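If you're wondering where the values come from, they're calculated on a predicted model, not measured in any experiment. In what follows, every chain begins at residue 1, and chains take the letters A, B, ... in the order their sequences are listed. In what follows, every heavy atom counts, from backbone to side chain, and hydrogens, waters and symmetry copies are set aside.
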Number of protein chains: 2
Amino acid sequence: MADVARRAGVSAMTVSRALKGTGTVTPETQARILQAVAELGYVLDKSAGALSSKKTGFVSVLIPSLNNSTFSDTVHGLIDVLDTQAMQVLIGTTGYSRAREEAVIETMLQRRPEGIVVTGGRHTPRARAMLTAAGVPVIETWEQPAAPIDHVVGFSNAATVEDLMARLVDRGYRRIAFIEGGEGDDPRGEDRRAGYERAVARHRLERTCVIAVGRVPISMEDGARAVVQLVETWPEVEAVICVSDGPAFGAIMECHRRGWAVPGRLAIAGFGDFELARQCWPSITTVSVGSRDLGRQAGSLMLEAIAARYAGAPLSPRRVTVAHTLVERDSTARRASPPTWAGRVA
Amino acid sequence: MADVARRAGVSAMTVSRALKGTGTVTPETQARILQAVAELGYVLDKSAGALSSKKTGFVSVLIPSLNNSTFSDTVHGLIDVLDTQAMQVLIGTTGYSRAREEAVIETMLQRRPEGIVVTGGRHTPRARAMLTAAGVPVIETWEQPAAPIDHVVGFSNAATVEDLMARLVDRGYRRIAFIEGGEGDDPRGEDRRAGYERAVARHRLERTCVIAVGRVPISMEDGARAVVQLVETWPEVEAVICVSDGPAFGAIMECHRRGWAVPGRLAIAGFGDFELARQCWPSITTVSVGSRDLGRQAGSLMLEAIAARYAGAPLSPRRVTVAHTLVERDSTARRASPPTWAGRVA
DNA sequence: AAGCCTCATGTTATCGATATCGTCACGGTT
DNA sequence: AACCGTGACGATATCGATAACATGAGGCTT
């Protein structure tokens, strides 16, 4: 930066002002500086800037995995918003493990983010302590923790599945099963299952039928395996809810392979409203939670919280509930099961 | 850090040494320091460390989008490897736009990454200039640029589709179409299409049939629309290759909806070997490029290049070609078309 | 026993920017 | 004409760590 200053015939301070738009600089000086910058190919060093201004321009976000389109949507939503204020998102993946989450949080804190967004509301005690002690806004997402660390932008996973169950019961299904992950730590999946169980009780259904397969996040293939296991174990089951759209899709494809009509033989629903659910044949009944919008809302709240903190009036903990929508599609249609091949095969 | 030093009765320098494992510190001193750290809840500030050591611990990676499972797989592979050396990955998304890529590169350079991984081999002139001038290892991935900036870990998109075409021709298909994106900048998609065209010429097929729909990256729904358009435009077409597995899946589902047997009426192939392709019914013939492994290889090369640079012997540009594999599945099976419903509908 | 090496630790300078305060010139006010 | 406010810019201190060199205590060599 000193080089640029010399070349433009000004002080480093003026260069700094010119480059970040703050303070007052004469248009001519500004032009001279920008030209010097261009000639020298100078690039501002934000690490240094961060050190003196105590603002890193980072917001950390922790998600279980990048491969899950649902969470990457949320991250995209966050980026959409934070990008407008030139804030950069530092992404960390926790691999559905609280222990890894704790480790990632520690790494992240070393970068002094101005805000932290985490997925879920259950953490190791040390993780929780670190988040609290960080002294920056924290947003927990995708759940509705009973005792939030700070802010929350989420929804109740249990409630979504309860609603879905109510709909299925309304459509006349009584023997409804649930497919979930067998190993690993997936609090949101557990909540959904709890919602299923509550619904079974509330609607006085005969019994709960839960098939647990694979390691979270369970795959399409796990769904395929699970549906077979389900039909073998409880042949009387009429409908099944999968913990997410991936396994629901796998289950449907397996039914195709075996010639089990969906929803004729078995109605299948998922969670998440992946693109796949809309495009699948039959289209999959699911719950939409608007992941990208969830990310955007978290982003806006984060900007507000950061600004408030610098203004000396930290935001008191906010709880934003994002709406979920039941998307009823063909895979649970009660009669005239749309995907029947009768008469359509050439 | 001074507080920790005082509490442990040592100098800040010793604390620094203890914390980053470098240098020599007596076990007792180490223990005392770690205890002071724990008591004070002190967290190292890497921005400051980066400034003085001139090592940020960042590697930037630019991908078109997080939502594309293929690229996130590559990023995961990168993280797998870089994590072992406590290097953090800074992810930037370019939204399939060279202009955005240029902007993101500039932002990234302000963070002084120790290495940069970009997707693709075509960039704006300024982007290229910035990458060159950055003075750190650069790896271009997912393509085989003719004139690389520095290192390359990729494959020829054209060659993969040529291979796939050869296989289809081998299976007896002669009228083969290609479905691609209509708007937007997707160099890899264009390469694949070029491979398709070369194959049409080489095998002396009657003509090229290209359907372009939607904006890149094209969706499942785009694939569904495209296949309808295809059958209407060229009813004689026997097989179609889609620019990726997403639209291939959408096309297959649309065929189901319309009662067009796959592969009986139309064989359909994709690209990328998404999980969906394996689980779909019929399973989708595709090209696998091992995205995660690609990421791992890029990661290893990056570590090597970074180490070499610090050792004063920068690595001369390397070109790593990752193998692609044809995965032939049911969606292009020539006869006894597996997915026929004859006799399986109850 | 003198000399040397090694190990653990301390001192000082520095990384590259920005916060803060100071300076100076200029134009408007009374 | 003296005064004051404002705008443009400079000088200095500082952010929090680490590189590089210095120091001193012991153990080892011959």
Using OP1 and OP2 only, check whether a side-chain N or O of [X] sits under 4.0 Å from [N].
X: Thr29(B); N: dT9(C); value: yes
X: Lys54(A); N: dG16(D); value: yes
X: Lys55(A); N: dT18(C); value: no
X: Thr24(A); N: dA8(D); value: yes
X: Lys20(B); N: dA19(D); value: yes

Side-chain donor-acceptor pairs under 3.5 Å in residues 302-314 of chain B, sequence neighbours left out?
unit_1, atom_1, unit_2, atom_2, d
Glu304(B), OE1, Arg318(B), NH2, 2.8
Glu304(B), OE2, Arg318(B), NH2, 2.7
Arg309(B), NH1, Gly135(B), O, 3.0
Tyr310(B), OH, Glu114(B), OE1, 2.6

Across all chains, not counting sequence neighbours, the salt bridge (Lys or Arg N to Asp or Glu O under 4.0 Å) partners of Arg32(A) are none
Set of salt bridge (Lys or Arg N to Asp or Glu O under 4.0 Å) partners for Glu102(B), sequence neighbours left out:
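In terms of salt bridge (Lys or Arg N to Asp or Glu O under 4.0 Å), with neighbours along the sequence ignored, Glu102(B) is linked to Arg126(B).
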Ignoring hydrogens and geometry beyond distance, is a side-chain donor-acceptor pair present between Gln110(B) and Glu106(B) at under 3.5 Å?
no
Under 3.5 Å, is there a donor-acceptor pair linking the side chains of Thr124(B) and Glu101(B)?
no
Not counting sequence neighbours, which residues clear ring pair (Phe, Tyr, Trp, His ring centres under 6.0 Å) with Tyr96(A)? List them please.
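By the ring pair (Phe, Tyr, Trp, His ring centres under 6.0 Å) rule, Tyr96(A) matches no residue at all.
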Near-strand residues of residues 30-51 of chain B, defined as heavy-atom separation under 4.0 angstrom from DNA chain C:
Leu51(B)
Tell me the side chain to side chain donor-acceptor pair (under 3.5 Å) pairs involving residues 81-93 of chain B, sequence neighbours left out?
Arg111(A)-Gln88(B)
Look at all strands and tell whether Thr26(A) reaches a base, only sugar-phosphate, or nothing, counting heavy atoms closer than 4.0 Å.
sugar-phosphate
d([atom1], [X]; [atom2], [N]) in whole Å:
X: Leu19(A); N: dA19(C); atom1: CG; atom2: P; answer: 13 Å
X: Glu28(B); N: dC7(C); atom1: CD; atom2: P; answer: 16 Å
X: Asp3(B); N: dC15(D); atom1: CG; atom2: C1'; answer: 15 Å
X: Met1(A); N: dA19(C); atom1: CE; atom2: C1'; answer: 13 Å
X: Leu109(B); N: dA17(C); atom1: CG; atom2: P; answer: 13 Å
X: Arg111(B); N: dG16(C); atom1: CZ; atom2: P; answer: 17 Å

Between the two ends of the helix from dA1(C)-dT30(D) to dT30(C)-dA1(D), what is the bend in degrees, rounded to 10 degrees, where each end axis spans five pairs?
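Helix axis angle between the two ends: 40°.
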Set of side chain to side chain donor-acceptor pair (under 3.5 Å) partners for [X], sequence neighbours left out:
X: Ser72(A); answer: none
X: Arg128(B); answer: none
X: Thr141(B); answer: none

Below 3.5 Å is the cut-off: list the nitrogen or oxygen pairs between protein and nucleotides 10-13 of chain C, distance only.
unit_1, atom_1, unit_2, atom_2, d
dG10(C), OP1, Ser11(B), N, 3.4
dG10(C), OP2, Ser11(B), N, 2.9
dG10(C), OP2, Ser11(B), OG, 2.8
dG10(C), OP2, Thr14(B), OG1, 2.5
dG10(C), N7, Arg17(B), NH2, 2.9

Kindly say whether Arg112(A) contributes a backbone atom to a donor-acceptor pair with the side chain of Thr56(A) at under 3.5 angstrom?
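Answer holds: yes.
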What residues, two or more places apart in sequence or in another chain, satisfy side chain to side chain contact (heavy atoms under 4.5 Å, CB included) together with Thr14(B)?
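Scan of Thr14(B) (side chain to side chain contact (heavy atoms under 4.5 Å, CB included), adjacent residues dropped) gives Val10(B), Ser11(B), Arg17(B), Val25(B), Thr29(B), Ile33(B).
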